[in-house]
Number of protein chains: 2
Amino acid sequence: MFAERGYAATTIDEICAAVPTSKRTFFRYFADKEALVFPNRRGRLARFQELLAAVRPDQSPFDVFRTVTSLFAAEYTENREQLLAQQRLIAQSPELLAREREIDSDWEREIAASFVRRMPPGESGPWLADVLAGAVMGTVRATMRHWYADDGQADLESLGLEAIDYLERGFVFSRQEPDA
Amino acid sequence: MFAERGYAATTIDEICAAVPTSKRTFFRYFADKEALVFPNRRGRLARFQELLAAVRPDQSPFDVFRTVTSLFAAEYTENREQLLAQQRLIAQSPELLAREREIDSDWEREIAASFVRRMPPGESGPWLADVLAGAVMGTVRATMRHWYADDGQADLESLGLEAIDYLERGFVFSRQEPDA
DNA sequence: GTACAAATGCCACTGAGTGGCATTTCAGTT
DNA sequence: AACTGAAATGCCACTCAGTGGCATTTGTAC
């Protein structure tokens, strides 16, 4: 229904009439309208947590994220069409975009928690882990944007791994030469 | 009123009664309730655009951001109390947190636009600029979180510049030695 | 003082989300 | 099959954010 009429144009009353069920029952199963677009949010986050925890503890944050990137790249490539449809829906509504960022923020917290365990102990450990997690999530978001903008044609794993390399080794690139 | 009763607990009707004005007039001046907490959003973004545009075009993205960081660090330190109060307000409401992320997202777009002009021309230019902008905004957000968590005691400029150094040179740090 | 435009107020409305309570459904028991 | 307690569902009324339409006020130029 969202795909046909648009997210905002579809009221919860209409959805309930179509199921059919009562609005009251709807809100017992979904926290709000947005939850329809991001199903099983808790479960996905929990699984992400487990994935992070499963990586060997002596692996660096970057190795952790390379592992996770390859895993998710495969999964997202598998479900490409579904994800593209979801993204088309999200793109048309500021609320949904906001909710997507909120979810990313949850994931970023998990990344930071995973990183802090792998940091050298010391004063700046938590701070550094947090900054790195922020940078990682930033690159992931940018990468996903490009993949979506490209209709999922690009190789997601390559993009992700390249972005991680930039973070690990620094963003070095030839400076723009004036008049060269 | 938000500070006294909390954001969610203060209705627009109450605000209008206090001013006093009508609810209809309120919505002619503010797009929504959240706009009260983030005043002059357009103006701030426009000023940020100008700051980015004012930096010499041969400066690298990192130099751009060092300049901007120093500027904002000074300004934020100046208005420390006000910012802390605003942050306390934002922290209590998911809606406001979402709005803050939305604003950050706008700023990230501007950063990316500024970076892409300073990138070496070529295929991966826009993609790299976007990824870097994402990483930058990620570190900025993490940095601000730490500054807020620290009640604005830390030296914001040092934190910001340090984070930029990490991005430019790569996140290198001694690996955790097992049993060393 | 008149005329015109902009700002404001008023009213009714939609749509998301909640609280309270009655009713149904369903499982286990005898 | 009838009974019982709990969970699921439905129904109704409500709050609050936000919008549309229209009348009224305010201010300003002449």
Side-chain angles (χ1 to χ4, degrees), chain A residues 1-46 85-107 109, chain B residues 1-46 82 85-107:
Chain A
M1 289 176 69
F2 286 157
E4 290 168 17
R5 311 186 205 181
Y7 176 76
T10 309
T11 73
I12 292 184
D13 283 333
E14 288 170 341
I15 296 168
C16 290
V19 175
T21 187
S22 76
K23 194 172 65 158
R24 203 66 192 78
T25 301
F26 173 90
F27 281 110
R28 280 198 194 90
Y29 287 87
F30 299 96
D32 43 43
K33 192 181 175 186
E34 281 133 44
L36 283 177
V37 184
F38 303 99
N40 195 21
R41 180 174 160 188
R42 288 158 80 84
R44 287 170 183 274
L45 181 63
Q86 187 195 31
Q87 200 58 27
R88 275 191 293 271
L89 193 59
I90 294 171
Q92 54 168 294
S93 156
E95 291 169 73
L96 294 178
L97 286 165
R99 182 58 64 105
E100 191 186 36
R101 280 188 292 262
E102 186 181 320
I103 293 171
D104 289 346
S105 175
D106 289 341
W107 288 45
R109 247 190 305 279
Chain B
M1 290 175 69
F2 286 156
E4 290 168 17
R5 311 186 206 182
Y7 176 76
T10 308
T11 71
I12 292 185
D13 283 334
E14 288 170 343
I15 296 168
C16 290
V19 175
T21 187
S22 76
K23 194 172 65 157
R24 204 67 194 78
T25 302
F26 173 90
F27 280 109
R28 282 198 192 90
Y29 286 88
F30 300 95
D32 43 44
K33 194 181 175 186
E34 280 132 44
L36 282 177
V37 184
F38 302 99
N40 195 22
R41 181 174 160 188
R42 287 159 81 82
R44 287 172 183 274
L45 181 62
Q82 188 194 332
Q86 188 196 28
Q87 200 58 26
R88 274 191 294 271
L89 193 59
I90 294 172
Q92 54 168 291
S93 157
E95 291 169 71
L96 294 178
L97 286 165
R99 183 58 65 104
E100 191 185 34
R101 280 188 290 263
E102 186 181 318
I103 292 171
D104 288 346
S105 175
D106 289 342
W107 288 46

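Sequence lines set the chain letters: A, B, ... in the order given, protein chains first and strands last, and positions in each chain run from 1.
Here the C1' atom of nucleotide C:dG17 and the CG atom of A:D32 are 9 Å apart, to the nearest Å. For A:D13 and D:dG10, the CG to P distance is 13 Å, given to the nearest whole Å. A:F26 places its CZ atom 8 Å from the P atom of C:dG17, with the value rounded to the nearest Å. One can place CD of A:E95 at 12 Å from C1' of D:dA17, the figure rounded to the nearest angstrom. Atom C1' of nucleotide D:dG18 and atom CG of B:L36 are separated by 14 Å, given to the nearest angstrom. As rounded to whole Å, 18 Å separates atom C1' of D:dT19 from atom CZ of B:F30. Rounded to whole angstrom, the span from the CZ atom of A:R28 across to the C1' atom of C:dG17 amounts to 13 Å. The CD-C1' distance, from B:E14 to D:dT15, rounds to 12 Å in whole Å.
B:Y29 comes within contact range of the sugar-phosphate backbone alone, with a heavy-atom separation under 4.0 Å but no base atom that close.
Remark: B:T21 is not in phosphate contact with C:dT8, judged by side-chain N or O atoms under 4.0 Å from OP1 or OP2. Taking 4.0 angstrom as the limit, A:S22 places a side-chain polar atom (N or O) nearer than this to OP1 or OP2 of D:dG10.
Of all heavy-atom pairs spanning A:I15 and A:T10, the tightest one is CG1-CG2, 3.8 Å.
The pair A:D104-B:R101 fails the salt-bridge criterion, with no side-chain N (NZ, NE, NH1 or NH2) lying under 4.0 Å from an Asp/Glu carboxylate O. A salt bridge links B:E14 and B:R5; the closest N-O separation between the charged side-chain nitrogens and carboxylate oxygens is under 4.0 Å.
Nearest to the side chain of B:F27, among D:dG10, D:dG18, C:dT18, sits D:dG18.
Looking only at side-chain heavy atoms (C-beta outward), B:L96 and B:F38 come within less than 4.5 Å of each other.
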Might you list the N or O atoms of the protein lying below 3.5 Å from N or O atoms in nucleotides 12-14 of chain C, with each pair's distance?
none

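Atom OG1 of A:T11 and atom NZ of A:K33 lie 7.0 Å apart (nearest 0.5 Å). A distance of 12.0 Å separates CZ in A:R44 from CZ in A:R41, rounded to the nearest 0.5 Å.
In this view, A:F26 and A:F30 satisfy the ring pair (Phe, Tyr, Trp, His ring centres under 6.0 Å) rule, not counting sequence neighbours.
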